[in-house]
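Only this structure's heavy atoms are used, side chains among them; waters, hydrogens and symmetry mates stay out. Because the structure is predicted, anything quoted here is derived from the model rather than measured.
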Amino acid sequence: MTSQAIDPITLSTIWNSFQSMGREMRHVIDRTAQNYLIAQLHDMAAGIWDAQARTIAVPEGPTSMFLSQQFSVEYILNKFGDDLHPGDIIICNDPYKGYCNHLPDWGFFRPIFYEDELVFVALTRGHQLDTGGSFPGGYFPNGYDIHAEGLMIPPIKIYDRGVERTDVLELIWNNVRWPDGGKSDNYALMAALQVCDNRGVALLDKYSLPVVKDAVEEMLDRMETNVRAQLAEVPDGTYYGESATDDDGTVLDELVWVRCAATIKGDELILDFSESDAQRPGFVNCVYSSTYSRAVAGSFLYFDPVYSEFHNEGSMRPITVIAPEGSVCNAQYPATVGGSPVNVGTQVLEATVHALSKAMPDK
């Protein structure tokens with residue numbers, strides 16, 4: 001809860017400022033990235049988390065890239081601990097050591113400090129032209145394991161206190177095709193983080209750290225209250241949905257099923273994927289973070305669209321996502337996951353929507 005009442009105009013200004021930071025980061029990437037996937041298809045995401053790894057602002061982007069990134073931010077905070085400083089930038093694309101989506105989506109994280117205190121973590125993530133591996137682009141349905149899909153980058157500093165670790169970047173770029181294009185895109189993603197740092201510090205200068213922190217608490221509490229109120233209007237019960245993709249790309253013509261049991265009890269929602277198929281030899285497997293993103297996104301479709309741009313950690317508090325280890329919705333190392341944003345990520349979304357459509361047919 002907030003420590004003091006927040007003036008509504010101040011709250012609105014701060015809340016929308018966070019949304020604007022996310023959009024401005026995307027705009028910088030749009031205008032400077034060279035990669036068709038990023039600059040034209042907008043296969044990128046940007047957002048802001050706080051020092052407790054809580055989601056503050058995720059205004060727009062592919063859901064699998066950022067809706068679960070509280071797990072990535074928490075992983076980074078735990079790994080680096082006190083060894084985070086102004087000017088640091090961390091790169092990560094590893095689904096198993098960093099809670100990322102799949103290897104082509106490289107994430108760049110920047111801790112934002114104010115008066116020597118870690119306050120926020122900004123993220124930009126973009127789909128790279130190539131990430132190494134057996135085939136260009138990072139898609140290989142017949143890979144023996146995830147190493148065939150490309151370079152796996154655990155959270156590692158590429159800027160340390162504002163100084164570029166050129167040797168680390170050169171090691172990464174030396175292991176991808178078209179390194180010059182990758183370099184341009186990487187710098188575009190990193191430049192957007194600097195914009196967020198500038199805007200965040202300016203916001204704190206204007207309103208003070210205590211006021212901004214209180215506003216953040218109010219933002220989270222309000223979204224939690226709104227989501228819980230809408231869930232409380234739905235009849236209690238368990239509703240079922242399912243969706244299948246044609247095959248896993250390796251074993252052909254064998255359906256891969258995702259099954260969702262959506263249980264609404266009072267003002268809480270549990271999305272349980274326990275009856276889904278076991279993880280597959282092909283590259284359609286989702287790791288938990290990807291399943292979480294798609295399941296939460298599917299549930300958001302059933303809440304009032306007026307909140308669509310303002311969802312944050314508070315929106316996710318009433319929602320629990322269950323996916324047993326070893327299932328196609330929570331694949332374990334060294335399973336291949338290259339195709340997961342489309343399959344079975346789409347099936348996770350469809351199964352969630354299918355289930356909730358029975359709970360809320362009017363929506």
Q) Taking everything shown except I9 itself, do over 12 heavy atoms lie less than 6.0 Å from its CD1? A) no

(Q) Does Y99 have more than 12 heavy atoms from other residues, nucleotides or ligands lying within 6.0 Å of its OH? (A) no

Q. F310 and V296: same hydrophobic cluster, using ILVMFWY side-chain contacts below 4.5 Å?
A. no

Q. Angle class for the Y139/F283 ring planes (parallel below 30°, perpendicular above 60°, tilted otherwise)?
A. perpendicular

Q. Are Y75 and M316 joined in one hydrophobic group, where the rule is that I, L, V, M, F, W and Y side chains link up if heavy atoms are under 4.5 Å apart?
A. yes

**Q.** Polar side-chain atom of N285 near backbone of T336 as donor-acceptor pair, under 3.5 Å
**A.** yes

(Q) A quick test of your reading: do over 12 heavy atoms of other residues, nucleotides or ligands sit less than 6.0 Å from CZ of R23? (A) yes

Q. Are L269 and V258 grouped together when hydrophobic residues (ILVMFWY) are joined by side-chain heavy atoms under 4.5 angstrom apart?
A. yes

Q | Same apolar cluster (I L V M F W Y, side chains within < 4.5 Å links), M65/V121 | A | yes

Q | Flag if over 12 foreign heavy atoms under 6.0 Å of CD, E275 | A | no

Q. Are the aromatic ring centres of Y333 and H147 under 6.0 angstrom apart?
A. yes

Q: Give a yes or no answer on whether the side chain of D185 reaches the backbone of Q34 with a donor-acceptor pair at less than 3.5 Å.
A: yes

Q. Would a 4.5 Å heavy-atom cut-off, applied to side chains only, mark V211 and D7 as touching?
A. no

Q. Under the 3.5 angstrom rule, does the side chain of E242 hit a backbone N or O of W257 as a donor-acceptor pair?
A. no

Q: Compare all side-chain heavy atoms of S17 with those of R199 and state whether any distance is below 4.5 angstrom.
A: no

Q. Any chance the side chains of N186 and W173 put a donor and an acceptor closer than 3.5 Å?
A. yes

Q | Check: S64/N101 side-chain N/O donor and acceptor closer than 3.5 Å | A | yes

Q: Can you measure from SG (C260) to CD1 (I322) and round to the nearest 0.5 angstrom?
A: 10.0 Å

(Q) Testing the 3.5 Å rule here: is there a donor-acceptor pair between the side chains of N226 and Q230? (A) no

Q. So, D247 side chain and V256 main chain: donor-acceptor pair closer than 3.5 Å or not?
A. no

Q: Examine the side chains of Q332 and N330 and answer whether a donor and an acceptor come within less than 3.5 Å of each other.
A: yes

Q. Should we count NZ of K358 as having more than 12 external heavy atoms under 6.0 Å?
A. yes

Q | salt bridge (Lys or Arg N to Asp or Glu O under 4.0 Å) between E268 and R317, worked out | A | CA-CA 9 Å; E268 296 190 347; R317 287 172 181 165; over 6 Å; no

Q.
Regarding E74 and R54, does a basic nitrogen lie under 4.0 Å from an acidic carboxylate oxygen?
A. no

Q. Looking at side-chain heavy atoms only, is the closest gap between S308 and E60 below 4.5 Å?
A. no

Q: May I ask you to say whether R165 pairs ionically with E170, meaning some side-chain N is under 4.0 Å from a carboxylate O?
A: no

Q) Taking everything shown except D82 itself, do over 12 heavy atoms lie less than 6.0 Å from its CG? A) no

Q: Indicate yes or no for a side-chain donor-acceptor contact from N93 to the backbone of D105 under 3.5 Å, with no hydrogens or angles considered.
A: no

Q.
Could you tell me if the side chain of T352 sits less than 4.5 Å from the side chain of L271, heavy atoms only?
A. yes

Q: For W106 and T131, test the side chains for any donor-to-acceptor distance below 3.5 angstrom and give the result as yes or no.
A: yes

Q) Roughly how far apart are L301 CG and L356 CG, rounded to 0.5 Å? A) 9.0 Å

**Q.** Least distance between heavy atoms, K97 atom then C92 atom
**A.** O-SG, 3.8 Å

Q: Give the C-alpha distance, both sets of side-chain angles, the deciding distance and a yes or no for side-chain contact (heavy atoms from CB on, under 4.5 Å) between V287 and H102.
A: CA-CA 9 Å; V287 292; H102 69 158; over 6 Å; no

Q.
For T291 versus A323, what's the shortest heavy-atom pair and its separation?
A. CG2-CB, 4.5 Å

Q | No-hydrogen, no-angle side-chain donor-acceptor test under 3.5 Å, S72 and Q69 | A | yes

Q) Is there a donor-acceptor pair under 3.5 Å between the side chain of Y302 and the backbone N or O of L231? A) no

Q: Would you check if I89 and E164 make a side-chain contact, meaning some heavy-atom pair closer than 4.5 Å?
A: no

Q. What are the two closest non-hydrogen atoms of Y292 and S68, and how far apart are they?
A. CD2-CB, 3.7 Å

(Q) For R110, is there an ion pair with D88 - N to carboxylate O distance below 4.0 angstrom? (A) no

Q: Output yes when a side-chain donor or acceptor of R125 lies under 3.5 Å from a complementary backbone atom of D43, and no otherwise.
A: no

Q) Around K363, counting heavy atoms of other residues, nucleotides and ligands shown, do more than 12 lie under 6.0 Å from its NZ? A) yes

Q) Hey, is R228 close enough to E224 for a salt bridge, meaning N to O under 4.0 Å? A) yes

Q. Any side-chain heavy-atom pair from T263 and D272 closer than 4.5 angstrom?
A. no

Q) Which atom names give the shortest non-hydrogen contact between A215 and L11, and what distance separates them? A) O-CD1, 3.6 Å

**Q.** Residues R259, D277; criterion salt bridge (Lys or Arg N to Asp or Glu O under 4.0 Å); working and verdict
**A.** CA-CA 8 Å; R259 298 181 178 91; D277 286 354; 3.5 Å; yes

Q | Contact summary for A188 and V28, nearest pair of heavy atoms | A | O-CG1, 4.3 Å

Q) Would you find a donor on one side and an acceptor on the other, under 3.5 Å apart, between the side chain of D248 and the backbone of G282? A) yes

Q.
Show, in sequence, the C-alpha distance, side-chain angles and deciding distance for K157 and D83, and conclude whether the salt bridge (Lys or Arg N to Asp or Glu O under 4.0 Å) test is met.
A. CA-CA 10 Å; K157 286 188 184 183; D83 190 24; 3.4 Å; yes

Q) Any side-chain donor paired with an acceptor under 3.5 Å for H85 and D160? A) no

(Q) Between F120 and F18 (judged by ring centroids, cut-off 6.0 Å), do the two rings come close enough to count as a pair? (A) yes

**Q.** For L123 against G107, the heavy-atom pair lying closest together
**A.** CD1-CA, 4.0 Å

Q. Given E117 and K213, is the salt bridge (Lys or Arg N to Asp or Glu O under 4.0 Å) satisfied, shown in steps?
A. CA-CA 12 Å; E117 179 180 341; K213 281 187 172 182; 2.6 Å; yes

Q: Using a 4.5 Å cut-off on heavy atoms from C-beta on, say whether the side chain of E313 contacts that of Q70.
A: yes

(Q) Do Q347 and V284 have side chains that approach each other closer than 4.5 Å (heavy atoms only, starting at C-beta)? (A) no

Q.
With a 4.5 Å cut-off on side-chain heavy-atom distances among I, L, V, M, F, W and Y, is there a chain of contacts connecting M190 to I91?
A. yes

Q) Can you tell me if CG on D116 sees more than 12 non-hydrogen neighbours from other groups inside 6.0 Å? A) no

